[in-house]
Colleague: 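One structure, as structure tokens, below. Some questions next.
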Amino acid sequence: MQRLVLASNNPGKIREIAALLGPLAIEVVPQAELGIAEADEPHETFLENALAKARHASRACGLPALADDSGLCVREQRDARNNERLLRELKEDRKAYYACVMVLTRDGSDPLPLVAEGLWHGEIARAPRGTNGFGYDPLFFLKDRGKTAAELEPAVKNRISHRGQALARLLELLRDSGRA
């Protein structure tokens, strides 16, 4: 596989995934470049949404597709809609984690898609810090590094983040399955 469609229109995700796959000579084509509309995400789980997005993109263009569904989980609930609301609603228990489920389908009806997940544990900072990253990154504090995700260099974040972990596991599965 040398070319795949990325089932996302999120510029941050596109940038991160393209950077991680670039050294492997895999061309990542965002679905918008192929005129593919975003898939619905009606499901309750990250896995079901990622699979729906991958199948939708692959069926639309005939290429293998990579999709993820991810989010910030606080007190075992999916993320609030924005950073301000999150800060306002969060009290003392500030533990949080990012979760990512990544799916790779060979085609739109692949009966055995590859699935990998990554979890990135941290806590919610008291105020936003940093200008790198996107979404909740300015609030996601990594105690062991003393920084938020938005204060990390992009290459470091890509290596240790939930998305980076999931993609690394997915690439291992790809190599082990002989589909590479």
Side-chain angles (χ1 to χ4, degrees), residues 1-34 36 38-39 41 43 45-73 78-79 96-122 132-137 140 142 144-145 147 149-180:
M1 173 184 351
Q2 295 178 9
R3 187 173 193 232
L4 62 82
V5 61
L6 179 58
S8 178
N9 290 331
N10 181 310
K13 286 183 183 184
I14 293 167
R15 189 172 45 254
E16 287 181 3
I17 291 170
L20 289 163
L21 292 177
L24 303 175
I26 297 174
E27 180 188 359
V28 177
V29 182
Q31 65 185 7
E33 286 184 19
L34 300 173
I36 301 169
E38 287 192 1
E41 297 182 51
H43 305 289
T45 68
F46 292 131
L47 174 58
E48 290 171 304
N49 283 326
L51 186 55
K53 291 188 285 188
R55 286 187 170 151
H56 169 79
S58 188
R59 284 183 184 126
C61 69
L63 290 172
L66 179 65
D68 87 312
D69 195 37
S70 56
L72 180 67
C73 301
R78 291 191 67 176
D79 62 312
Y97 62 94
Y98 271 117
C100 176
V101 175
M102 198 163 283
V103 173
L104 178 67
T105 59
R106 290 175 288 188
D107 58 57
S109 59
D110 189 344
L112 193 58
L114 297 179
V115 178
E117 70 176 43
L119 297 176
W120 195 22
H121 293 272
N132 294 331
F134 60 98
Y136 293 105
D137 289 353
F140 191 68
L142 305 162
D144 62 330
R145 293 181 180 265
K147 295 180 177 185
E151 293 175 300
L152 297 174
E153 291 298 319
V156 172
K157 179 189 174 203
N158 288 347
R159 191 176 64 250
I160 66 173
S161 75
H162 57 307
R163 195 168 292 109
Q165 292 175 41
L167 190 54
R169 288 187 182 107
L170 191 75
L171 292 172
E172 285 176 26
L173 291 171
L174 187 61
R175 281 190 296 273
D176 293 347
S177 72
R179 294 192 210 179

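Because only heavy atoms are used, hydrogens play no part in the values below, and waters and symmetry mates are left out as well, while side chains stay in.
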Colleague: Ignoring hydrogens and geometry, is there a side-chain-to-backbone donor-acceptor pair from Ser161 to Gly164 under 3.5 Å?
Modeller: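 Yes; at least one donor-acceptor contact below 3.5 Å.
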Colleague: Name all pairs fulfilling the salt bridge (Lys or Arg N to Asp or Glu O under 4.0 Å) condition that reach into residues 17-33, sequence neighbours left out, sorted by first residue then second.
Modeller: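 Matches after skipping sequence neighbours: Arg3-Glu27.
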Colleague: If you count the non-hydrogen atoms of other residues, nucleotides and ligands that lie under 6.0 Å from NZ in Lys13, is the total more than 12?
Modeller: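 Enclosed.
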Colleague: Would you call His56 and Ile36 a side-chain contact if the rule is heavy atoms closer than 4.5 Å?
Modeller: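 Heavy-atom side-chain distance check passes, below 4.5 Å.
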Colleague: Taking all non-hydrogen atoms of both residues into account, name the closest pair between Ala57 and Gln31 and its distance.
Modeller: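 Heavy atoms of Ala57 and Gln31 come nearest at CB-OE1, 4.0 Å.
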Colleague: Do any N or O atoms from the side chain of Tyr97 and from the backbone of His162 form a donor-acceptor pair under 3.5 angstrom?
Modeller: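 It does not hold such a pair.
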Colleague: Who pairs with Arg163 by side chain to side chain donor-acceptor pair (under 3.5 Å), at least two apart in sequence or on another chain?
Modeller: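 For Arg163 the side chain to side chain donor-acceptor pair (under 3.5 Å) partners, ignoring immediate neighbours, are Glu16, Asp68, Ser70.
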Colleague: Do Val28 and Leu66 have side chains that approach each other closer than 4.5 Å (heavy atoms only, starting at C-beta)?
Modeller: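 Side-chain contact under 4.5 Å: no.
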Colleague: Do you know which two heavy atoms are closest between Asn158 and Ala19, and how far apart they sit?
Modeller: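 Where Asn158 meets Ala19 most closely, the heavy atoms are ND2-CB, 3.7 Å.
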Colleague: Report the residues that fulfil side chain to side chain donor-acceptor pair (under 3.5 Å) with Asn10, sequence neighbours left out, ordered by chain and then residue number.
Modeller: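 Listed in chain order: nothing, the list is empty.
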Colleague: Please examine the side chains of Val103 and Asp69, heavy atoms only from C-beta on, and report whether any two atoms are closer than 4.5 Å.
Modeller: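 No, too far: nothing below the 4.5 Å cut-off.
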Colleague: Would you compute the distance between atom CG of Leu104 and atom CG of Leu51 and round it to the nearest 0.5 angstrom?
Modeller: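 Here the rounded value is 11.0 Å.
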Colleague: Quick check: does any side chain N or O of Asn132 sit under 3.5 Å from a backbone N or O of Pro154, one acting as donor and the other as acceptor?
Modeller: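 Flag not set: sc Asn132 to bb Pro154 has no pair under 3.5 Å.
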Colleague: Report the distance from atom CZ of Arg55 to atom OG1 of Thr105, rounding to the nearest 0.5 Å.
Modeller: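 Going from CZ on Arg55 over to OG1 on Thr105, the span is 7.5 Å.
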Colleague: Quick one, Ser177 and Leu114 - any side-chain contact, counting heavy atoms below 4.5 Å?
Modeller: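 Answer yes - side chains close enough.
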Colleague: Shortest non-hydrogen contact from Ala67 to Lys53?
Modeller: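 Minimum heavy-atom separation between Ala67 and Lys53: CB-CB, 3.8 Å.
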Colleague: Less than 4.5 Å apart, any side-chain heavy atom of Phe140 and any of Leu152?
Modeller: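 Phe140 does not reach Leu152 side chain to side chain.
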Colleague: Residues two or more places apart in sequence or in another chain: which of them pass side chain to side chain donor-acceptor pair (under 3.5 Å) with Glu38?
Modeller: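 Asn9.
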Colleague: For residues 111-121, which residue pairs pass the side chain to side chain donor-acceptor pair (under 3.5 Å) check, not counting sequence neighbours?
Modeller: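 Counting only pairs at least two positions apart or across chains, no side chain to side chain donor-acceptor pair (under 3.5 Å) contact touches residues 111-121.
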Colleague: Could you measure the distance from the CG atom of Leu21 to the CG atom of Leu6? Nearest 0.5 Å is fine.
Modeller: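 Output value for this atom pair is 8.5 Å.
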Colleague: On a heavy-atom basis, which atom in Leu72 and which in Ala96 lie closest, and how many Å separate them?
Modeller: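 That would be CD1-CB, 4.0 Å.
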Colleague: Taking Ser58 for its side chain and Leu63 for its backbone only, find out whether a donor-acceptor pair lies under 3.5 Å.
Modeller: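 Confirmed, Ser58 side chain pairs with Leu63 backbone.
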Colleague: Would the distance check show the side chain of Asn49 and the main-chain N or O of His43 forming a donor-acceptor pair, the cut-off being under 3.5 Å?
Modeller: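 Side chain of Asn49 to backbone of His43: a pair is present.
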Colleague: Taking atom CZ of Arg159 and atom CD of Glu153, what is their separation to the nearest 0.5 Å?
Modeller: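 Nearest 0.5 Å value for the CZ-CD distance: 11.0 Å.
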Colleague: So how far is it from Arg59 CZ to Asp110 CG, rounded to the nearest 0.5 Å?
Modeller: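 Here the rounded value is 10.5 Å.
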Colleague: To check you understand the geometry: which heavy-atom pair defines the closest contact between Pro30 and Ser8, and what is its length?
Modeller: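 The pair with the smallest heavy-atom distance is CB-O, 4.4 Å.
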Colleague: Would you call Val156 and Arg145 a side-chain contact if the rule is heavy atoms closer than 4.5 Å?
Modeller: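 Answer yes - side chains close enough.
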Colleague: With sequence neighbours left out, write down each residue that passes side-chain contact (heavy atoms from CB on, under 4.5 Å) with Ala116, or none if nothing qualifies.
Modeller: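 Ala116: side-chain contact (heavy atoms from CB on, under 4.5 Å) contacts with Arg169, Leu170, Leu173.
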